[in-house]
Every structure is written in structure tokens, then in C-alpha cells.
Amino acid sequence: MSVLNRSLLFLAILSLAFLAYTQIVAASATSILDVRAAHFFAGLWSPAGEPAGQVLAVLGGVEFTVLLILGLALYLWRAGFRAEVWVALAYPAAVLIEVLYKRLLDHPGPFLHHADGPSPSDMAASGAGIANSYPSGHMVRTVLVYGLLAFVLHRLLPDGWGRRLALPLAAIMIALMALDRLYLGVHWQSDVIGGALLGGAALAGAIAWLEVPRG
């Protein structure tokens, strides 16, 4: 199976999985597991680890990930991949879906949580009255942006450490962001899973666009 067909298959699977999981969350079927996970990570928290968690949060914030996606678009443009530059539109599309779900799905975030990474966009959202937390925007952005960066670098870099480490480092970053959301107590585990599914669907769609045959 070609990379294009495999990406389209993953796009369909992850999109359906996100929609199905959202229905489960909307029915409050994840509440017990959410609370158990929150208590578990609350027991692991310590003031010494909070600064590292906040730094990691910044790496998944809107401001930093926008710079990364714009840098990727510039890299593709300068490398001669003009049509592929449009892959950057996967970012605003995914963020728009995330915000719509936070507006429409009644799913308040944890009431007891620690300070998140400083982000003007997050503070603006709080000021706008967006109290719902599903899905996690940090997870959506991290899966999409770091996954897409890893895919492009793995494809275009010459064989070497940079090419070999691109995919493993992206996977580590995604895993750390998931733990960070739970460690700081800013999201339920259902928010993290939903964000990963939505980000994964957006990533599959972005890779499919990059793999479309062009003359």
C-alpha cells in the first residue's frame, strides 16, 4: 500500500475514532477513569517539577507551534515544493475544529489544576469564557506539528542522525505533552485522548496532501 493510500486510510480511521470517542465523552462514560487518572497524577506532582511542565507546555502552545508550521512552509517553498506549502492549512483547520468542539461540547476541565505554560492565546480563550476542555489543544497541535515536521525531515534530509532521529523525537515529544497535560492537571485524560485522535487525523490528512502525485 502506498503512503498516500495508507494516509487516507488512517485519516478515515482516526476521524471515525475521534467522532465515536467524542460521543463517549459527551455521555460522561469517561468520568470515572478521568477522575482516577487525575488523582494518580496529582499524587506525582511536586513544586520542583512544575517549571519543566510549564516550559513543555509552551512548546505546544499556539504561539510556538504557529512559528514551527510557518517555518515548515518556508522550508518547503525554498526547497521548490510550492504546491506542498498548502499543507500548512491543516493547522488552522485542526484548531478550528478543536475550538468548535470546546464551544459545543459541555465538558468542563479539572477544577483543581496547576499553572499552565504562559500563553497569551490561552489567556484570551479563558477571558472569552471557554471553560470546556475537550479536546486538548496542546495535544492537537503537538501531534500535527511535530508529527508533520518529523515526516518532512525524514523524507527530505540526507541519511544521517537528523533523519534517523526525526520520527523518534516527535514520538517522544507527543508522549511528553500527553503526560504534561495530566501532570499539570489542566486536562482530563479524555481530553488528551481526544486531542491525540483529532491531531492524528489532521496529520494523516496533511501527509496525504504531501503524497498526492504531481507532475
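One-based numbering along the sequence shown.
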Calculate, to the nearest 0.5 Å, the distance between atoms [atom1] and [atom2] belonging to [X] and [Y] respectively.
X      : Y      : atom1 : atom2 : value
Ser2   : Leu8   : OG    : CG    : 8.0 Å
Leu74  : Ile69  : CG    : CD1   : 12.5 Å
Asp159 : His154 : CG    : NE2   : 9.0 Å
Leu148 : Leu144 : CG    : CG    : 6.0 Å
Leu14  : Leu9   : CG    : CG    : 9.0 Å
Leu4   : Leu210 : CG    : CG    : 10.5 Å

Side chain to side chain contact (heavy atoms under 4.5 Å, CB included) between Ser46 and Tyr183, worked out: CA-CA 9 Å; Ser46 70; Tyr183 180 74; 3.8 Å; yes

Phe41, CZ atom: more than 12 neighbouring heavy atoms under 6.0 Å: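 Yes, enclosed.
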
Residue Arg82 excluded, over 12 heavy atoms near CZ under 6.0 Å: yes

I want to check something: taking the side chain as every heavy atom from C-beta on, are [X] and [Y] in contact at a cut-off of under 4.5 Å?
X      : Y      : answer
His138 : Leu56  : no
Asp180 : Met177 : yes
Ile207 : Arg6   : no
Glu50  : Trp45  : yes
Leu76  : Leu156 : yes
Pro108 : Asn132 : yes
Thr30  : Gln189 : no
Trp188 : Ser136 : no

Heavy-atom donor-acceptor pair, Trp77 side chain to Glu84 backbone, under 3.5 Å: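 Side chain of Trp77 to backbone of Glu84: no pair is present.
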
Sidechain-backbone polar pair: Arg163 side chain, Pro158 backbone, donor-acceptor under 3.5 Å: no

Co-members of Ile32 in a cluster of I, L, V, M, F, W and Y side chains, linked at under 4.5 Å: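 Members other than Ile32 - counting any ILVMFWY side chain reachable under 4.5 Å - there are none.
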
Non-neighbouring partners of Thr22 that pass side-chain hydrogen bond (donor to acceptor under 3.5 Å, both in side chains), sequence neighbours left out: Tyr134

Pair Tyr91-Arg141, side chain to side chain contact (heavy atoms under 4.5 Å, CB included): steps then yes or no: CA-CA 7 Å; Tyr91 183 95; Arg141 295 186 293 267; 3.2 Å; yes

Salt bridge Arg103-Glu98, side-chain N to carboxylate O under 4.0 Å: no

Verify same cluster id: Leu72, Phe64 (apolar side-chain graph, 4.5 Å):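 Hydrophobic grouping puts Leu72 with Phe64.
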
Transitive ILVMFWY side-chain link Phe151 to Leu165, under 4.5 Å: no

Test log, rule side chain to side chain contact (heavy atoms under 4.5 Å, CB included), inputs Leu197 and Ile193: CA-CA 6 Å; Leu197 290 173; Ile193 294 172; 4.2 Å; yes

Test side chain to side chain contact (heavy atoms under 4.5 Å, CB included) applied to Thr65 and Thr142, step by step: CA-CA 8 Å; Thr65 52; Thr142 300; 5.6 Å; no

Distance-only side-chain donor-acceptor flag, Asp34 / Ser31, under 3.5 Å: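 No pair is found: no donor N or O on one side chain lies under 3.5 Å from an acceptor on the other.
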
Check against side-chain hydrogen bond (donor to acceptor under 3.5 Å, both in side chains), His107 and Asp191: CA-CA 9 Å; His107 187 73; Asp191 304 334; 3.1 Å; yes

Which residues share a ring pair (Phe, Tyr, Trp, His ring centres under 6.0 Å) with Tyr101, sequence neighbours left out: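 Applying ring pair (Phe, Tyr, Trp, His ring centres under 6.0 Å) to Tyr101 gives Phe18.
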
